[in-house]
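Some notes on the structure that comes next.
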Protein chains: 2
Amino acid sequence: MEKLPPKTVERLSQYRRVLSKYEDDENSYIFSHDLARLLKINPVQVRRDLMLIGFSGNYRSGYRVQELIMLINKTLKTPKSQNSVIIGVGRLGKAIIHHIYPSNVCPVTLKAAFDIDPAKINKEYNGVFCYDVSKIPEIVKENNVKIAILTISDEDIQPIVDALIDSGVKGIINYVAGPLKIPKDIYFKEYDIRTTLEEMAYFIE
Amino acid sequence: MEKLPPKTVERLSQYRRVLSKYEDDENSYIFSHDLARLLKINPVQVRRDLMLIGFSGNYRSGYRVQELIMLINKTLKTPKSQNSVIIGVGRLGKAIIHHIYPSNVCPVTLKAAFDIDPAKINKEYNGVFCYDVSKIPEIVKENNVKIAILTISDEDIQPIVDALIDSGVKGIINYVAGPLKIPKDIYFKEYDIRTTLEEMAYFIE
DNA sequence: TTATTTTTGTTAATCAATTAACAAATTAAT
DNA sequence: ATTAATTTGTTAATTGATTAACAAAAATAA
């Protein structure tokens, strides 16, 4: 099946998250303009996104929330379908562990954490066990992990990245800027808050 | 002067950050394709971005690093020109404080932190003082703060957001998804790692 | 001197994302 | 019944971002 545009996928994930708060009522409906307002986007965009996944609404009452969530679940792979690991259990690493795991909303499972600091290794953080980075190949292969989250900025992170990729990781999210050698076929995203801050500083007034 | 495209601003911030590691040598130069490789983008994009800010390179040796950093500084406002605050000093809040402050690279100054937890108030975190949220109007106005970073997902965050905006904040970065009422003229960005994870899970094979 | 190579600078073309426009469906009101 | 109001579904238009294409500049090699 044809892949959806990346931006649409991003919004589908956001629709699902905000809608899950509205799901209490079995029979609740939502209009495109209401869903749009929750995400601060244009209602046409909502309708277009839903059109792309083949979801139909009702001319009078809008879109059925429960059905929409179910279709988004199906479209963005079924829940718990992808496994991930996190590198680094410092402040940021721990924050992310607590934010995404255990969560009934996020369908990506965090299978393990890794660190280089002996003080952090062989402990559990909110249910996620932390191993020495040397265990990456073993654990990653064993659990069929495809996504890695990087939260440490050590100079020597490149060997860790290489080990992850060698072991089958296909997507990397890096929260600490820094040039990394990453093959072209790896899905890579970098988020550094400083970039966002500087962009914002430029545009406000 | 005409505003630059948002994506160009984002990349300028990234160019500056990676180049600052190359600045040691007073007279170092870099080619567009080398800078491009560091950011995993197309060299044409680098040249186009630099063209937009009116920076010229040398046909033989590329772009002068030091001069380029200076021009980016000038383009993205001068260093230390914008003030920010952070809401919440939990795990994520502390991680961000340590990541951006004090930093000679990020030109946005973190002026204060706020929390609702009495155990966290009136303490200093890596040099940033934490106040009770009731102090928002006073501190924000006093320091001419224009940017706020949200790291708490409390149900009652809307009044905090309203206080920030009333006190003059023009840009908000939200790290915890959740519908917020934000006026149209506020520059707003939301980053929830779960969205990124789900998008990635969809695209990798 | 005359090619050859390399890299910038810029326009044009392409691709992606958003928004506008409006027909079709449905209900409610007159 | 007819009109008005509302909202979806879809195509077309627009806007924004990226990439391709290539001339101009400068140095090097033949």
Side-chain angles (χ1 to χ4, degrees), chain A residues 2-15 19 22 27-68 71-72 75 184 187-190 195 199 202-203, chain B residues 2-15 19 22 27-68 71-72 75 184 187-190 195 199 202-203:
Chain A
E2 197 62 36
K3 285 279 178 195
L4 298 164
K7 292 281 179 186
T8 293
V9 173
E10 204 176 294
R11 282 189 298 266
L12 287 174
S13 160
Q14 292 169 334
Y15 298 152
L19 287 175
Y22 277 64
N27 269 52
S28 54
Y29 284 78
I30 193 165
F31 291 127
S32 61
H33 56 258
D34 288 328
L35 186 46
R37 191 156 29 75
L38 291 171
L39 270 75
K40 292 176 238 318
I41 58 173
N42 194 307
V44 182
Q45 196 144 63
V46 172
R47 298 207 295 275
R48 222 179 179 292
D49 287 337
L50 301 194
M51 187 192 93
L52 288 176
I53 62 169
F55 190 69
S56 286
N58 183 300
Y59 285 104
R60 200 61 202 155
S61 36
Y63 299 93
R64 183 106 187 272
V65 173
Q66 209 178 42
E67 266 179 32
L68 175 52
L71 181 57
I72 296 178
T75 307
K184 280 234 174 64
Y187 200 97
F188 180 75
K189 290 241 180 190
E190 186 166 290
T195 304
E199 185 188 341
Y202 177 79
F203 282 108
Chain B
E2 197 60 37
K3 284 280 179 196
L4 298 164
K7 292 279 179 187
T8 294
V9 172
E10 204 176 293
R11 283 189 296 266
L12 286 174
S13 160
Q14 293 170 334
Y15 297 151
L19 286 176
Y22 277 65
N27 268 52
S28 54
Y29 283 79
I30 193 166
F31 292 127
S32 61
H33 58 257
D34 288 327
L35 186 46
R37 191 157 29 75
L38 291 170
L39 270 76
K40 291 175 239 317
I41 58 173
N42 192 308
V44 182
Q45 196 145 63
V46 171
R47 298 206 295 273
R48 220 179 179 293
D49 287 336
L50 301 194
M51 187 193 92
L52 288 175
I53 60 169
F55 190 71
S56 287
N58 184 300
Y59 283 105
R60 202 61 200 156
S61 37
Y63 299 93
R64 183 104 186 271
V65 173
Q66 208 179 43
E67 268 179 30
L68 175 53
L71 181 58
I72 296 177
T75 307
K184 282 234 174 62
Y187 200 97
F188 180 76
K189 289 241 179 189
E190 187 167 289
T195 304
E199 185 189 342
Y202 176 80
F203 281 108

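In what follows, every heavy atom counts, from backbone to side chain, and hydrogens, waters and symmetry copies are set aside. Computed from a predicted structure; not experimentally measured. Residue numbers begin at 1 in each chain, while the letters A, B, ... track the order of the sequences.
- Using a 4.0 Å heavy-atom distance criterion, B:S32 is classed as a sugar-phosphate-only contact.
- To the nearest 0.5 Å, the span separating CG on B:L39 from CG on B:D34 amounts to 12.0 Å.
- The phosphate of C:dC22 (OP1 or OP2) has no side-chain N or O of A:R47 nearer than 4.0 angstrom.
- Annotation: the span from B:K7 atom NZ to B:I41 atom CD1 amounts to 11.5 Å, rounded to 0.5 Å.
- What separates CZ of B:R48 from C1' of D:dC22 is a distance of 15 Å, to the nearest Å.
- Distances shown here put a side-chain N or O of A:Y63 below 4.0 Å from the OP1 or OP2 atom of D:dG9.
- Taking atom CZ of A:R11 as the reference point, atom P of C:dT19 lies 9 Å away to the nearest angstrom.
- Remark: P of C:dT27 and CG of A:N58 are 7 Å apart, rounded to the nearest angstrom.
- Judged purely by atom type and a 3.5 angstrom limit, B:Y15 has no side-chain atom pairing as donor or acceptor with the backbone of B:L50.
- The side chain of A:Q45 lies closest to C:dT19, out of C:dT19, C:dT8, C:dT10.
- Here the P atom of nucleotide C:dT7 and the CZ atom of B:F55 are 17 Å apart, to the nearest Å.
- Rounded to a whole Å, the CG atom of B:L12 is 13 Å from the P atom of D:dA17.
- Taking the side chain of B:Y59 as heavy atoms from C-beta on, and the options D:dT19, C:dT19, D:dA26, the nearest nucleotide is D:dA26.
- When each of C:dG9, C:dA17, D:dG9 is scored by its nearest atom to the side-chain atoms of A:S56, the top-ranked nucleotide is D:dG9.
- B:I30 contributes atom CD1, which lies 5.5 Å from atom CG of B:L38 (distance to the nearest 0.5 angstrom).
- Rounded to an integer number of Å, the gap from CG of B:D49 to C1' of D:dA17 is 10 Å.
- As rounded to whole Å, 14 Å separates atom C1' of D:dT7 from atom CG of A:N42.
- Among the protein residues, B:S61 comes within range of no part of the nucleic acid, since none of its heavy atoms lies under 4.0 Å from any strand.
- To the nearest 0.5 Å, atom CD of residue B:E67 and atom CD1 of residue B:I72 are 12.0 Å apart.
- The CZ atom of A:R60 sits 8 Å away from the P atom of D:dT6 (whole-angstrom rounding).
- Residues A:T8 and B:G57 both approach DNA chain C. Their nearest nucleotides, taken by heavy-atom distance, put B:G57 toward the 5′ side.
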